[in-house]
Amino acid sequence: MGFSAKMVAKAIEDNGEENTDSILETLLTLSALENSPPKQQHVDTDDSFSDYEGSFLDDFSDLDSDYENEATAKPVSDADNKMTFLVDMGYSEDEAYAAIERCGVHSSIAELTDFISAAQISKAADVLLGDLPDRPKPKNLNGCSKLNKRRHYDYDAWKKKKPRCFEDDEDETIRLPNPMIGFGVPNELCLTVHRKIPEAAMGPPYFYYENVALAPKGVWNTISRFLYDVEPEFVDSKYFCAAARKRGYVHNLPIHSRFPLLPLPPHTVHEALPLTRKWWPSWDTRTQLNCLQTCIGSARLTDRIRKALEDYDGIRDPPLHVQKFVVEQCRKWNLVWVGKNKVAPLEPDEVEMLLGFPKNHTRGGGISRTDRYKSLGNSFQVDTVAYHLSVLKDMFPGGINLLSLFSGIGGAEVALHRLGIPLKNVVSVDISEVNRNIVRSWWEQTNQKGTLIDLADVQELDADRLQYYMNLFGGFDLVVGGSPCNNLTGSNRYTRDGLEGKESILFYDYFRILDLVKCIATKTE
DNA sequence: TTCAGTATGAAGGTCAGA
DNA sequence: TCTGACCTTCATACTGAA
């Protein structure tokens, strides 16, 4: 492919012989740099590349001594370097500037290019939907609607705002609140919250995005920036049920006049699982469970715990080191006491109950026990989501048109149904056939009067298809989605790669689709 | 080949004490 | 304010039985 021997040697040294993908990526990047015009090459060689945290540029910041020498001669900012690099990749200066402004100067090149791609896709839809003549167009881009100010916030806002001069945004990292009660939860004292939603975020449609709160650093900054600078609301579902579930929600819903689902679910393990009370030792001080995940504790583990306790049967309490071991494992795997010296993982129907789903919601129809745990572990906590969505009840007394992305086992649908909000038309998208079957089955069992359309892949939802559904239904009132967290959650020991991870990168499809819906809605106003 | 069961840390937060 | 101990986490890869 025309790479120099030095370049190949450097790439192998940096990535190892086995990692062919990384080697190829490094070679392509190096090649792009080498083929840059002289002016840009000069800028690119600045050693401030080494400051690109998370950027693949790190890998070759010390590539060539010439680069290092030049670095001292001409100090250039990170932002300038990234601008130049993006321009070298073929993007316009406007696009590069907007991406850096919106994503932050410390965003990786991958994040910046994702942003630009998403914006380009959204602009392409404009072309399909009809261009309007009187709006200044960013260089190298096709038409952008002047009418559609909100939709093009990402490109327009940076022109209006006072330039931030690419200041260091390290201090702007979103912090998780303590207590994690968002803009308020039932029965918890909370100062009156006022929030101003950015103009670009205002509906229609309303949107509601969810993901794990404890994501790698910077992820929520990126999510918030893409979703029109709306401040995330971090809520732990332990304020709604007997199990913790720390999640971030970005939405443009009103936050006053919320109300909880009734009856209120039990808040402690003993209330939720009364049969465990009899066997629960005093030295296990848990009153609530940790996050309900996709895997459960093994039979071998519960057997080890039983044997460890049986060794001290004649004694009132086991020694402290045994207590510590047992409680540690119980916390880790959410084990509950089901007999003398006997702990066990939760049954799937118990998980359904804790998450606010109807009993047997995930049972039957060829679904294995393992799949039930997986689907449930990936779902919403219905009471929490319903509390946020409750403000829609008075707004849509005649029913709601819902676009549900990454809908899983239908947490949003169940929440709206339990709130008594009729589901007029629902387009539900989920890659898992198992999950689609669960939602379809629930839809039929609950005698829904509306229309359910289920799709497999969010990437199939293009402008044409969205336009078709919106014409058919008269638009969507609400766009809900919790994109995959696989690459964000701390439970993932192997591929916790952040928003650029194989699955979690689908967040950008949520943004793309939401932006398209806003665009089409504005056009048809 | 499929599928259920099992073993496998690290990142990033909280919190008490100096 | 800093430090260090402690706690929690929408999971993935491997193994063996069917």
Side-chain angles (χ1 to χ4, degrees), chain A residues 53-54 173-180 209-221 223 234-238 240-241 243-249 284-286 288-305 324-325 327-335 344-346 348 351-352 354-357 362 366-382 384-385 405-412 430-432 434-435 480-499 501-504 506-507 510:
Chain A
E53 288 179 13
T173 300
I174 292 173
R175 307 277 301 181
L176 299 179
N178 186 17
M180 199 179 280
Y209 175 80
E210 179 257 17
N211 216 317
V212 290
L214 284 79
K217 282 181 178 174
V219 164
W220 277 105
N221 288 69
I223 290 173
F234 294 101
V235 182
D236 189 339
S237 292
K238 72 179 184 180
F240 290 85
C241 68
R245 201 167 192 81
K246 298 178 180 67
R247 297 289 181 269
Y249 305 88
D284 182 351
T285 57
R286 292 176 299 156
Q288 289 192 301
L289 296 166
N290 282 330
C291 184
L292 305 170
Q293 304 205 50
T294 56
C295 298
I296 60 168
S298 66
R300 282 189 194 176
L301 173 64
T302 57
D303 196 44
R304 277 203 298 272
I305 290 172
K324 188 181 173 191
F325 162 71
V327 172
E328 193 177 285
Q329 295 303 314
C330 286
R331 286 181 187 276
K332 187 173 180 179
W333 292 105
N334 265 335
L335 304 174
L346 295 168
V351 180
E352 285 170 347
L354 288 165
L355 290 175
F357 288 94
T362 59
I367 298 162
S368 72
R369 191 179 159 87
T370 307
D371 280 341
R372 291 182 74 188
Y373 283 118
K374 188 175 178 184
S375 294
L376 285 161
N378 282 312
S379 75
F380 288 169
Q381 204 287 327
V382 171
T384 311
V385 172
L405 306 173
F406 314 103
S407 49
I409 57 174
D430 198 273
I431 197 73
S432 160
V434 165
N435 287 344
V480 176
S483 60
C485 66
N486 310 33
N487 309 115
L488 307 181
T489 172
S491 303
N492 187 342
R493 303 176 184 189
Y494 300 94
T495 54
R496 197 184 186 192
D497 302 327
L499 272 184
K502 189 179 166 190
E503 278 86 21
S504 295
L506 289 171
F507 159 73
Y510 177 84

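Sequence lines set the chain letters: A, B, ... in the order given, protein chains first and strands last, and positions in each chain run from 1.
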Partners meeting salt bridge (charged side-chain N to carboxylate O under 4.0 Å, His left out) with Asp236(A) (sequence neighbours left out): Lys246(A)
Any residue meeting salt bridge (charged side-chain N to carboxylate O under 4.0 Å, His left out) with Arg300(A), in chain and number order, not counting sequence neighbours: none
Is the phosphate of dT12(C) approached by Asn486(A) (side-chain N or O, under 4.0 Å from OP1 or OP2)? yes
Identify whether any heavy atom of Arg300(A) sits under 4.0 Å from a base atom; if not, whether one sits that close to sugar-phosphate; answer base, sugar-phosphate or nothing. sugar-phosphate
Would you classify Gly482(A) as touching base, sugar-phosphate or nothing, given that sugar-phosphate means primed atoms plus P, OP1 and OP2, and contacts are heavy atoms under 4.0 Å? base
Please state whether the phosphate of dC10(C), meaning OP1 or OP2, lies under 4.0 angstrom from any side-chain nitrogen or oxygen of Asn211(A). no
Could you work out, with side-chain hydrogen bond (donor to acceptor under 3.5 Å, both in side chains) as the rule, every residue matching Thr362(A), not counting sequence neighbours? Glu352(A), Arg372(A)
Mind checking if Cys291(A) touches a base, just sugar-phosphate, or nothing, with heavy atoms under 4.0 Å? sugar-phosphate
Please work out if Arg245(A) contacts a base, only the sugar-phosphate, or nothing of the nucleic acid, heavy-atom cut-off 4.0 Å. base
Would you mind classifying the nucleic acid contact of Ser237(A) as base, sugar-phosphate or nothing, using non-hydrogen atoms under 4.0 angstrom? nothing
Given atom CZ of Arg331(A) and atom P of dT9(C), what is their separation to the nearest angstrom? 11 Å
Which residues satisfy the ring-ring contact (aromatic ring centres under 6.0 Å, His included) test with Tyr209(A), sequence neighbours excluded? Phe507(A), Tyr510(A)
Give Glu210(A) one of three labels, base, sugar-phosphate or nothing, depending on what nucleic acid heavy atoms sit under 4.0 Å from its own. base
Considering residues at least two apart in sequence or located in another chain, which fulfil the side chain to side chain contact (heavy atoms under 4.5 Å, CB included) criterion with Pro484(A)? Phe406(A), Asn486(A), Glu503(A), Leu506(A)
Which residues pass the ring-ring contact (aromatic ring centres under 6.0 Å, His included) test with Tyr249(A), not counting sequence neighbours? Tyr208(A), His388(A)
Checking Asp303(A) now: which residues fulfil salt bridge (charged side-chain N to carboxylate O under 4.0 Å, His left out) with it, not counting sequence neighbours? Arg306(A), Lys307(A)
Set of salt bridge (charged side-chain N to carboxylate O under 4.0 Å, His left out) partners for Lys374(A), sequence neighbours left out: none
For Arg331(A), side chain to side chain contact (heavy atoms under 4.5 Å, CB included) partners two or more places apart: Thr285(A), Arg286(A), Asn290(A), Val327(A)
In the 5'-to-3' direction, what one-character label does each nucleotide of nucleotides 13-18 of chain C receive under the scheme B = base within less than 4.0 Å of a protein heavy atom, S = sugar-phosphate only, - = no such atom? S-----
I want to check one thing: is the phosphate of dT9(C), taken as OP1 and OP2, less than 4.0 Å away from some side-chain N or O of Ser491(A)? no
In the 5' to 3' direction, the nucleotides of DNA chain B bounding the stretch that comes under 4.0 Å of a heavy atom in chain A are dA4(B) to dC15(B)
Map every base of DNA chain C to its dot-bracket character, where paired means a Watson-Crick or G-U wobble contact with both distances under 3.5 Å and | marks a partner outside the strand. |||||||||.||||||||
Across the strands shown, which category fits Arg304(A) at heavy-atom distances under 4.0 angstrom: base, sugar-phosphate, nothing? sugar-phosphate
